[in-house]
Structures are given as structure tokens and as C-alpha cells.
Amino acid sequence: MYIKQLLTEAQADWAAMPYVENDKLEKLKNKTFVVYGQNLARCFCYALLFLNETKKLRTKVIFAAPDKTSMENFYSELLLRDDFDFCSFCLLDEIKQADYILYGGLCSEKISVSSDVFKKEIASVKEISHLAKRTGAKTVLLSDSRVYANAKPYRVYSENEYAFFAPNDLNGFSSQLFATVENMFNCFAKSDKTSLTVLRTGVVLGADSGIETDFDYIFDAVASGKKCSVTNDCKKYSFAYISDVFKAIIHSFVDIEDGKCFNVASQNAVASAGMLATILNDIYNAQIEITSDSNDKTDFCAMNSNKITEYGCFPSITLETALELCVISRMRNKKATRLPHTHDGRLTSIQQVLLAYLLEVDRICKKYNIKYFLGGGTLLGAIRHHGFIPWDDDADIMMLREDYDKFCKIAPSEMPSSMTFQTNENDKNCFYEFAKFRLNDTVFATGFSKEHKSMHNGLAFDIFCHDKTANSRWGRKLHLAMTLFTRALVFNKWNNRKAENGNKIQSVLTNFCKAVFPIRLSLWLERKTLTFFKNKKNAKYLYDGMGRNIYNGSFPIEYLDEVIYVDFEGCKLPVPKEYDKYLTFLYGDYMELAPLSTRLGCHDIKLCDIGKYDGFKLCKSAKVDSNRT
């Protein structure tokens with residue numbers, strides 16, 4: 001059975017590892033993983049199997065444990081899969097080959113004070129260490145912030161800082177257990193000359209993960225609309241959403257040298273219990289009372305997790321999003337998200353303005369007999385949602401070259417004065433190859449565009465051109481390679497960045513040309529490359545040389561031959577008649593929703609000011625107007 005059919009929506013979100021770069025995942029292909037531990041380890045197994053189905057990684061996953069009772073929390077159907085197996089410790093010698101070992105242990109688990117717990121964990125360390133020595137597998141050990149012992153109030157701990165042990169309470173037991181496990185693994189790694197990376201997590205939050213925390217009662221109350229009381233004091237904790245833990249694990253396996261120790265937490269995720277309650281109050285108007293008594297519920301602490309970012313692994317989930325995911329997964333109506341609150345409550349207004357853009361474009365194109373289609377996520381939204389994707393904050397259209405060139409000549413004189421038609425020809429600080437409409441007196445900048453303050457950075461609407469390419473397979477490959485090369489010249493020159501595309505020779509050539517060529521020359525080369533087959537009479541293929549879909553390659557020209565009209569936000573707008581083939585080419589199973597955590601905004605918006613358009617509603621005349629109606 002497919003694991004996609006077994007997982008809930010919340011589980012599929014973290015199992016998809018949406019924030020792990022594709023080049024990192026590619027390095028996992030055909031590898032063998034041995035995994036040991038509790039709920040976090042089980043979830044990591046699910047994620048690897050999910051990626052086998054969705055990314056075709058072809059990994060082999062072996063879950064190791066003292067006996068088969070450890071499989072009780074797994075879906076029993078997994079044992080029928082070829083890519084999953086269970087191995088008891090007494091049979092570990094039968095594992096002849098392993099590339100990676102994940103020791104999840106008791107990371108972020110509730111621990112009972114027991115000598116049996118201690119003995120079992122120490123025995124497991126020995127078994128897994130011997131396996132690492134025999135196979136030479138790279139090992140990642142998951143620990144957590146309890147290793148820092150009895151943390152002082154207001155203190156945030158870095159990797160080599162420790163508090164004191166309190167051997168007569170739970171803090172002392174869990175701290176000494178984690179410290180012992182870490183020390184034993186380090187000793188084995190040094191004596192056996194094996195690879196080891198230690199990751200210390202904060203309190204791990206994971207929707208539908210089975211990981212229990214001392215804060216779950218808050219999520220349960222908010223999800224059910226009940227009142228609850230939260231005890232708050234000066235103690236703060238670090239929180240790590242499970243997606244960020246998985247990201248750190250993958251980076252440690254494929255991209256970080258051995259012998260390192262890192263703290264792992266999500267974005268801005270150091271908070272007290274009272275701060276959690278305040279965030280949830282803001283999102284859900286929850287009925288949470290915050291009291292000020294002493295709170296000794298959990299022995300986790302606050303950690304500094306900056307070190308791992310210096311090695312290129314950046315957390316992707318904010319604490320606010322992590323808390324929301326935990327609440328949504330507990331709701332009866334799992335679709336009850338806070339989408340109206342995204343973009344600080346501006347998303348509805350932004351989409352209304354984008355719809356006005358679309359209708360203005362539609363008016364111009366009908367007037368001048370120009371063929372266009374909804375494109376990218378806007379096309380996907382039209383087919384799947386009959387309007388904008390609910391969490392989308394931009395809009396795209398696409399045209400063929402002859403229509404695009406005609407539109408670019410006509411549009412500036414046709415658009416309302418509240419808009420600017422932006423190209424690299426009329427905005428000297430802009431070097432996008434595609435055209436944009438910008439809404440004047442607004443700011444809507446991503447982390448990339450905000451660096452170019454002299455460029456018009458208003459709320460944008462993108463217009464892409466799909467160009468003809470070669471008919472032969474090798475001709476298309478060469479055309480695609482040249483397009484990527486010229487795009488890299490422009491982009492890296494514009495942003496004063498060094499090109500690093502994984503191929504040393506290509507990178508050296510790109511950086512040399514970037515340094516020598518003026519940016520306008522590179523832009524001219526890019527345009528010549530895009531339009532190289534412009535006059536080809538018998539062209540069979542098109543490609544999106546301007547946009548992100550270039551990496552999908554080329555597609556048959558008949559996909560964008562005929563136009564049909566579909567419902568979009570109550571209007572009729574054009575899409576390709578062969579939209580099913582085109583969307584399948586772009587997205588695969590396009591009717592499947594994106595991972596849950598990614599739906600809170602598809603762009604990393606750093607500057608957002610929509611000014612007088614806040615609260616904007618579309619006028620019946622279908623034109624952008626600053627007056628609210």
C-alpha cells in the first residue's frame with residue numbers, strides 16, 4: 001500500500017520534506033538507512049518512504065529495535081513493502097550494507113525515571129555503534145535540550161555550555177541519560193574512526209506525529225474552542241517543528257562534515273508558555289488564561305541554534321506556523337486554517353487587486369485580438385479552485401512570442417495611471433526578462449527584490465512568454481543549456497553573486513563572462529537565446545525560458561494551441577484547452593494540494609505595504625481604482 005494513502009494531511013506535510021532542497025534529496029538516491037528510536041524516528045521512516053513514492057529516491061529503510069514490539073506504532077502495511085524492513089538487534093549482523101544511520105533514541109520523548117530505561121538506551125548505543133563500525137555508515141545522533149541539565153532562568157544555551165546536574169529529580173535523570181548517550185557515541189566514534197554528527201533539538205512539535213509534549217493540552221483546548229489556563233514564569237524553551245528537524249538530519253547526512261554538534265530549532269522559536277498562549281490568542285482568539293505561578297512542568301530549556309545556519313542549514317518553519325499546524329491537526333474541520341490572517345490580513349485585498357489586473361489584461365487582449373492564457377499557479381487555481389489558490393499572493397499569465405511582443409507595445413498606453421508597465425527597457429534598474437504590471441504607491445518585495453530599492457517594487461502581476469525551441473532532443477537540450485547560461489549571466493551580474501551551479505567548469509566560465517560582459521550585453525544575449533527559434537515554421541515544442549518552469553524542459557506546442565474559458569472568481573478567463581496535459585507536465589498530480597505548511601504564503605515577502613488598496617474591492621467596471629466600494 002502507498003504510504004500517501006495512510007498518512008493524514010498533517011503527516012503528509014512533514015513527510016514531504018517540502019523545505020529540503022532537491023539537490024540534497026538527490027544525494028539520498030539508492031541509499032540504505034538504518035533508523036532506531038521512538039516517535040521521531042518512526043516519522044523519519046515515514047518521510048523516507050513518502051519520498052520514495054513522490055521523488056523516486058529508491059532508498060531502503062530498515063527500522064532497528066531490540067524486539068518487534070517497537071513496531072506496534074507503525075502502520076502494519078509497511079512490512080509488505082520492498083523498501084522497508086524491520087531488524088531486531090540480535091540480527092543486526094545480517095545487515096551487510098548501510099549508508100546512513102539515524103539514532104533517534106528518546107529525543108523529545110517523555111522519560112520515566114527508571115534504571116531499565118537507562119540500561120535499554122545504553123545497550124542500544126552499543127548495538128548501533130557496532131553497526132556503524134561494521135558498515136562505515138554516517139551516523140546522526142538526535143539528542144535534545146535536556147542535555148544542558150538544570151538550566152538557569154533567562155539563560156539561552158549554546159553547544160558547549162552546560163548548567164548543573166540535579167541528580168535527585170527528573171531533570172537530573174534525563175540530563176544524565178542524554179549526556180551519557182552522547183558521550184558513549186563520541187567515544188565509539190573516536191575509537192572506531194566512524195562518522196558522527198550530534199543534533200540537539202528543542203521541544204519537537206509535530207502535527208499528528210505521536211510526539212507528546214507538556215504543551216499539548218493548550219493545542220487541544222484551542223482546537224476544541226475550550227477554555228484553558230497556562231502557567232507562565234520566566235522560563236523559556238526552544239521549539240523545533242519536525243520539518244526543521246528532518247531538514248537538519250538531511251543536511252547532516254549529505255552536506256556537513258563529521259564531528260559536529262548543533263542545536264536545532266525553528267525560526268524565532270524561543271518562547272515561554274505564556275508567549276505560546278499569546279500567539280494562539282492572536283491567531284484564534286482563543287480563551288487562554290495566563291497565570292503567573294511557578295512552572296516546573298518540563299525540563300527542556302532555551303538554546304542558541306545559530307551555529308547550524310553557518311553550515312547552510314536554515315530553519316524554515318516559524319513558531320507561529322508550528323503552533324498553527326499543531327492546532328489544525330486537532331480540529332474536527334481540518335480545513336479551518338487562518339488564511340485570512342496571512343500577509344498580516346492583507347491577502348484578500350491583494351487577491352482583489354490581482355483580479356483587477358487580470359480583467360484589465362483580458363479587456364486589452366480582447367480589444368486587440370491577442371491570445372493569452374492564465375499561467376502557473378493562477379492556471380492551477382482556475383482548474384482546482386475556480387479562482388485563486390487560497391494562499392496565493394501573485395498572478396501570472398502566459399502568451400506566445402508574437403502575442404507577447406504585440407502586448408508589450410500596446411499595454412503601456414492602455415493601462416490605468418495607477419499602474420506601471422515594467423520591463424527591462426523602461427525601468428533601467430530592472431533586469432527581469434519577463435514583463436510586469438506594478439501597482440503604484442505600493443510595496444511588495446521578496447527577499448530578492450527588496451535588495452533593489454531603486455527598482456519599482458509595487459504589487460506585481462507577471463506576464464510570461466513561451467518561446468519555440470528545437471525539434472530534436474539534443475537541440476532542445478542545447479537551447480535549454482544556453483538559456484540557463486545567459487540567465488545566470490544576467491542574474492549573477494545584477495545581484496553581484498558568484499555563480500555556483502555544481503559544475504566547476506561551467507561555474508568558472510559563467511563567472512568569467514559575468515565579469516567581462518556588461519549586463520546589457522548579457523541581457524541582449526539572453527533575449528537572442530530565447531527568440532532563437534522565433535521564426536521556425538514547423539516548430540513542435542515550446543518552453544518557458546523566462547520563468548521557473550524552465551526546469552521542466554519543453555512541451556508539445558499543441559498544449560497552447562486552443563483557448564477555452566473557465567470560471568475564475570466569478571469571471572470567465574482563458575486557459576489552454578489541453579490544460580490537463582499542460583498542468584500534468586508542470587506539476588504531476590496537480591489536483592493534490594501542496595504540503596500544508598507551504599499554504600501560508602508562496603512567496604517570502606519581506607516588505608508589504610499596499611497603502612490605500614488595503615480593503616480594496618473590485619469595482620463593477622473591472623478596473624483598478626483606489627476608491628473602495
Side-chain angles (χ1 to χ4, degrees), residues 347-408 410-411 414-416 418-419 421 434-439 459-466 542 544 546-549 555 557-587 590-591 593-594 602-603 613 616-625 629:
L347 184 59
T348 301
S349 299
I350 290 169
Q351 291 185 344
Q352 282 286 296
V353 172
L354 294 174
L355 179 58
Y357 274 132
L358 278 170
L359 295 179
E360 278 296 298
V361 169
D362 188 68
R363 176 187 64 80
I364 296 170
C365 289
K366 285 178 177 176
K367 179 178 179 180
Y368 291 97
N369 195 29
I370 295 172
K371 184 171 73 173
Y372 82 99
F373 309 89
L374 302 183
T378 312
L379 172 60
L380 177 60
I383 302 304
R384 195 171 66 191
H385 304 277
H386 306 295
F388 289 107
I389 296 173
W391 50 91
D392 205 359
D393 58 14
D394 79 341
D396 305 322
I397 63 168
M398 55 185 177
M399 300 175 177
L400 300 181
R401 173 57 65 176
E402 54 271 26
D403 295 300
Y404 178 85
D405 289 344
K406 183 178 179 181
F407 183 82
C408 288
I410 294 169
E414 283 283 343
M415 295 305 293
S418 57
M419 293 180 183
F421 186 68
F434 55 95
K436 287 175 176 279
F437 283 123
R438 295 280 194 180
L439 188 59
L459 185 61
F461 175 96
D462 296 335
I463 305 154
F464 293 99
C465 174
H466 286 11
L542 298 171
D544 178 16
M546 293 181 176
R548 287 175 294 182
N549 298 324
F555 58 91
I557 196 169
E558 57 265 24
Y559 286 8
L560 299 188
D561 189 13
E562 295 185 58
V563 173
I564 62 171
Y565 283 80
V566 299
D567 289 328
F568 188 93
E569 301 292 344
C571 306
K572 291 289 186 181
L573 292 175
V575 302
K577 183 178 180 180
E578 299 289 354
Y579 67 80
D580 180 66
K581 293 178 181 178
Y582 181 72
L583 286 174
T584 301
F585 159 75
L586 288 187
Y587 304 111
Y590 60 88
M591 295 303 289
L593 294 177
C602 62
H603 291 102
Y613 298 94
F616 175 86
K617 292 183 180 179
L618 185 63
C619 299
K620 290 183 180 180
S621 61
K623 292 184 179 180
V624 174
D625 194 291
T629 59

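Sequential numbering from 1 along the given sequence is applied to the chain's residues.
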Problem set entry | Lys577 atom NZ: more than 12 heavy-atom contacts under 6.0 Å | no

Exercise. Just how far is it from atom CD1 of Ile350 to atom CG of Asp393, taken to the nearest 0.5 Å?
Worked result: 6.5 Å

Problem set entry | Donor-acceptor pair, side chain of Lys367 and main chain of Glu414, under 3.5 angstrom | no

For this session: Compare all side-chain heavy atoms of Phe461 with those of Val353 and state whether any distance is below 4.5 angstrom.
Result: no

Exercise. In Å, rounded to the nearest 0.5 Å, how long is the span from CE of Met419 to CG of Leu439?
Worked result: 6.0 Å

For this session: Answer yes or no: is there a side-chain heavy-atom contact under 4.5 Å between Leu400 and Ile557?
Result: no

For this session: Show the numbers, then the answer: is there a side-chain contact (heavy atoms from CB on, under 4.5 Å) between Leu542 and Tyr559?
Result: CA-CA 9 Å; Leu542 298 171; Tyr559 286 8; over 6 Å; no

Exercise. Side chains of His385 and Leu593: closer than 4.5 Å at any heavy-atom pair?
Worked result: yes

Exercise. In terms of ring plane angle, is the pair Phe555 and Phe585 parallel, tilted or perpendicular, where the classes change at 30° and 60°?
Worked result: tilted

Exercise. Would you say the side chain of Arg363 lies within less than 4.5 Å of the side chain of Leu359, judging by non-hydrogen atoms?
Worked result: no

Exercise. How long is the span from the NZ atom in Lys436 to the CG atom in Leu459, to the nearest 0.5 Å?
Worked result: 10.0 Å

Exercise. Quick one: do Lys581 and Glu558 make a salt bridge, cutoff under 4.0 Å?
Worked result: no

Problem set entry | For the student: nearest non-hydrogen atoms of Tyr357 and Arg438, plus distance | OH-C, 3.2 Å

Exercise. Can you check whether Tyr590 reaches Tyr582 side chain to side chain, under 4.5 Å on heavy atoms?
Worked result: no

Problem set entry | Non-hydrogen side-chain atoms of Tyr579 and Leu374 separated by less than 4.5 Å | no

Seminar exercise, completed: In short, Pro576 meets Leu379 closest at the heavy-atom pair CD-CD1, 3.9 Å

Problem set entry | Sub-4.5 Å side-chain heavy-atom contact between Leu358 and Ile397 | yes

Problem set entry | Taking every non-hydrogen atom, the tightest pair across Ala356 and Leu618 | CB-CD1, 3.4 Å

For this session: Applying side-chain contact (heavy atoms from CB on, under 4.5 Å), run through Thr378 and Leu573 and close with a yes or a no.
Result: CA-CA 11 Å; Thr378 312; Leu573 292 175; over 6 Å; no

Exercise. If you round to the nearest 0.5 Å, how far is CG of Leu354 from CG of Leu347?
Worked result: 9.0 Å

Problem set entry | Intermediate values then yes/no, side-chain contact (heavy atoms from CB on, under 4.5 Å), Asp362 and Lys572 | CA-CA 10 Å; Asp362 188 68; Lys572 291 289 186 181; over 6 Å; no

Exercise. Centres of the Tyr404 and Tyr372 rings: under 6.0 Å?
Worked result: no

Problem set entry | Separation of Ile410 CD1 from Met415 CE (nearest 0.5 Å) | 13.0 Å

Seminar exercise, completed: For Phe388 and Leu355 the tightest heavy-atom approach is CZ-N, 3.7 Å

For this session: Please report the closest heavy-atom contact between Ser349 and Tyr613, naming both atoms and the distance.
Result: CB-O, 3.6 Å

Problem set entry | Interatomic distance, Ile383 atom CD1 to Ile389 atom CD1 [nearest 0.5 angstrom] | 11.5 Å

Exercise. Heavy atoms, side chains only, cut-off 4.5 Å: are Phe407 and Asp403 in contact?
Worked result: no

Seminar exercise, completed: Between Leu560 and Lys371 the two heavy atoms that sit nearest each other are O-NZ, 3.5 Å

